[in-house]
Number of protein chains: 2
Amino acid sequence: MTTTELTQTSAEVSLSAPVPAADALADSIRAAGLKVTAPRLAVLQALADAPHSTADRLFTAVRADLPGTSLQAVYGVLAAFTAAGLTRRIEPAGSAALFERRVGDNHHHIVCTRCGTVRDVECAVGEAPCLMPDDAAGFAVQAAEVTYWGLCPACQVELATTLT
Amino acid sequence: MTTTELTQTSAEVSLSAPVPAADALADSIRAAGLKVTAPRLAVLQALADAPHSTADRLFTAVRADLPGTSLQAVYGVLAAFTAAGLTRRIEPAGSAALFERRVGDNHHHIVCTRCGTVRDVECAVGEAPCLMPDDAAGFAVQAAEVTYWGLCPACQVELATTLT
DNA sequence: CCCTTATTTTGAGTAATTCAAAACAACGGC
DNA sequence: GCCGTTGTTTTGAATTACTCAAAATAAGGG
C-alpha cells in the first residue's frame with residue numbers, strides 16, 4: 001500500500017508512523033480542507049525548496065517529478081492553497097506573482113532592484129496591521145504591506161567590480 | 001501667441017507672467033528635459049485631474065481633447081515621465097500600473113480591498129527609506145514602500161447596508 | 001468497491017504591456 | 001522665419017502572465 005519507492009537514507013520508520021517529510025506536507029494540505037493529490041504535494045514541496053517562486057518556476061520544478069502536470073494545474077493548486085491560507089501570494093512591482101509557504105506571521109520582503117531576488121524581512125511589530133497611517137482618509141485599515149527595495153549582496157559585489 | 005481661450009475666473013495676470021495653468025505643465029515637462037508635445041500636456045493634465053489612474057484611463061481622458069492619440073503614445077509618455085522623475089508608477093497587487101504626479105515626497109498608499117480605490121497616505125518620516133528593516137539580509141536598502149489595505153469609506157457604508 | 005464531488009487536463013481567450021519600423025513634429029541654429 | 005536633427009508618435013504586431021470553461025479523471029467517505 002506504500003506508494004514510495006525512494007530508498008530511505010535515514011532510520012526506517014517501522015510500525016504505525018508513516019514516512020515523515022512527505023506526510024507532513026500531505027497533512028497540511030488535508031488540514032486546510034483540501035484533497036491530497038500528487039500535483040499539490042509536488043507544488044508544496046517545490047515551494048519548500050524554493051520560496052518566492054513564480055507559478056512558472058514551480059511548474060518547471062513540478063515537471064521534474066510529475067511530467068504530466070499542466071501549468072494550469074499549478075495555477076489551480078496555488079489558487080486553492082492561497083484561498084485556504086496554506087500559501088501567500090505577493091506581487092512586487094515589475095514581477096510576476098510570487099508564492100511562499102510562510103503565512104500568518106505578517107513578515108515583509110526586500111527585493112533586489114537589479115536582479116529581482118526576494119528575501120524575507122522580519123516584521124518588528126509582529127501583528128497585522130503592523131503600521132497605522134496617521135490619517136487613513138476614513139479607510140478601515142486591515143493590513144500594512146511593506147516592500148523594501150535595495151541591492152542584494154551579490155549585486156553590490158558585481159556593481160563594485162564593474163565600476164572599477 | 002496665447003494658446004488658451006479659457007475664460008479666466010480669477011485675477012487676470014497682466015504684464016510678463018504667462019497663462020499659469022497650461023504653461024505650468026509645459027514648464028515642468030521642459031524642466032525634465034523633455035520636448036513639450038500635445039499628448040504629453042494632455043496626459044499630465046489628465047493626471048492632475050485624476051491621480052492614481054491607469055494608462056488606459058488616461059488614454060480615455062486624453063482622447064477627449066486629442067482624438068488622434070494612440071494608447072501606445074500614452075504608454076510612451078508615461079514611460080518618459082517616469083524615467084524623468086515627473087511621475088511615479090505604483091503597482092498595487094491585483095491592479096494595473098497606476099500613475100501619479102506627486103513625486104519625491106515618499107508618501108504611501110492605501111488601497112480599498114473591495115473597490116480598488118487608492119488614496120495617498122502621508123509618510124511620517126518624509127525621506128526614503130522611511131523604514132529600515134532590523135535585518136536587511138545584507139541588502140543595501142534604497143527605499144521602503146508601504147501599502148495599506150482596507151475598506152474605503154464608501155465600501156464600509158455599502159457593506160453595512162447590505163449586511164442588514 | 002462505488003459514488004459523489006473536487007481536481008486536473010485540454011484548449012482557448014484576455015488584459016496589460018512591450019517591441020519595432022516608419023511617419024511626423026519640436027525646437028535650436030542659421 | 002525656415003530647416004535639419006533628434007526625439008516623439010503612429011501603426012501594427014507580439015509577448016507575458018493569467019483566467020475561463022468543458023470534459024476527463026481521481027480522492028476519499030460510505
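On a predicted model such as this, the values are computed, not experimentally measured, just so you know.
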Using a 4.0 Å heavy-atom cut-off, does B/Ala80 contact any base of the nucleic acid, only the sugar-phosphate backbone, or nothing at all? nothing

Could you state the atom-to-atom distance from CZ of A/Phe59 to C1' of C/dT10 in whole Å? 13 Å

Angle between the two end axes of the helix from C/dC1-D/dG30 to C/dC30-D/dG1, five base pairs per end, rounded to 10 degrees? 30°

Quick check: do A/Thr117 and A/Val111 have side-chain heavy atoms less than 4.5 Å from each other? no

Nucleotide of D/dT8, C/dT5, D/dA17 approaching A/Lys35 most closely (side-chain heavy atoms): C/dT5

A/Pro39 or B/Thr37, whichever maps to the more 5' nucleotide of DNA chain C: A/Pro39

According to a strict under-4.0 Å criterion, is A/Arg89 in side-chain N/O contact with OP1 or OP2 of D/dA17? no

Please report, rounded to the nearest Å, how far the C1' atom of C/dC24 is from the CD atom of B/Gln72. 16 Å

With a 4.5 Å cut-off on side-chain heavy atoms, are A/Cys112 and A/Arg119 touching? no

Say whether A/Val43 and A/Ile90 are linked into one hydrophobic cluster, either directly or through other cluster members, by side-chain heavy-atom distances under 4.5 angstrom. no

Within the 4.0 Å heavy-atom criterion, would you say B/Leu34 contacts the bases, only the backbone, or no part of the nucleic acid? sugar-phosphate

For A/Glu122 and A/Arg102, what are the C-alpha separation, side-chain angles and deciding distance, and is it a salt bridge (charged side-chain N to carboxylate O under 4.0 Å, His left out)? CA-CA 11 Å; A/Glu122 301 307 319; A/Arg102 247 187 97 176; 3.1 Å; yes

Report which part of the nucleic acid B/Thr69 touches: base, sugar-phosphate, or nothing (heavy-atom distance under 4.0 Å, all strands). sugar-phosphate

Report the distance from atom CG of B/Leu41 to atom C1' of D/dT8, rounded to the nearest whole Å. 13 Å

How close or far is atom P of D/dA26 from atom CG of A/Leu66, stated in whole angstroms? 12 Å

Let me have the donor-acceptor pairs involving side chains of residues 62-69 of chain A, under 3.5 Å, with sequence neighbours excluded, atom names and distances please.
residue: A/Arg63; atom: NE; partner: A/Thr69; partner atom: O; Å: 3.2
residue: A/Arg63; atom: NH2; partner: A/Thr69; partner atom: O; Å: 3.1
residue: A/Thr69; atom: OG1; partner: A/Leu66; partner atom: O; Å: 2.8

Identify which nucleotide among C/dT17, C/dT9, D/dG28 has an atom closest to any side-chain atom of B/Tyr75, counting heavy atoms from C-beta outward. C/dT17

With a non-hydrogen cut-off below 4.0 angstrom, is B/Ala79 in contact with a base, only sugar-phosphate, or nothing? nothing

I need the CD1-P distance between A/Ile29 and D/dG28, as an integer number of Å. 10 Å

Enter the distance from B/Arg114:CZ to B/Trp149:CH2 here, rounded to the nearest 0.5 Å. 15.5 Å

Quick one: A/Asp56 CG to D/dT19 P, roughly how many Å, whole number? 14 Å

When all nucleic acid strands are considered with a 4.0 Å heavy-atom cut-off, which category describes B/Arg57: base, sugar-phosphate, or nothing? nothing

Looking only at heavy atoms, the pair that brings A/Ala136 and A/Val141 closest together is CB-CG2, 3.9 Å

Taking the side chain of A/Ser70 as its heavy atoms from C-beta onward, which of D/dA17, C/dT9, C/dC27 lies nearest to it? C/dT9

If you assign each of B/Ser95 and B/Arg30 to its closest nucleotide in DNA chain C, which residue comes earlier from the 5' end? B/Ser95

Take atom CZ of A/Arg40 and atom C1' of C/dT7, then tell me their distance rounded to the nearest Å. 6 Å

Separation of atom CG in B/Leu71 from atom C1' in C/dT14, rounded to whole Å: 15 Å

With no hydrogens and no angle check, just 3.5 Å: does a side-chain donor-acceptor pair link B/His52 and B/Glu100? yes

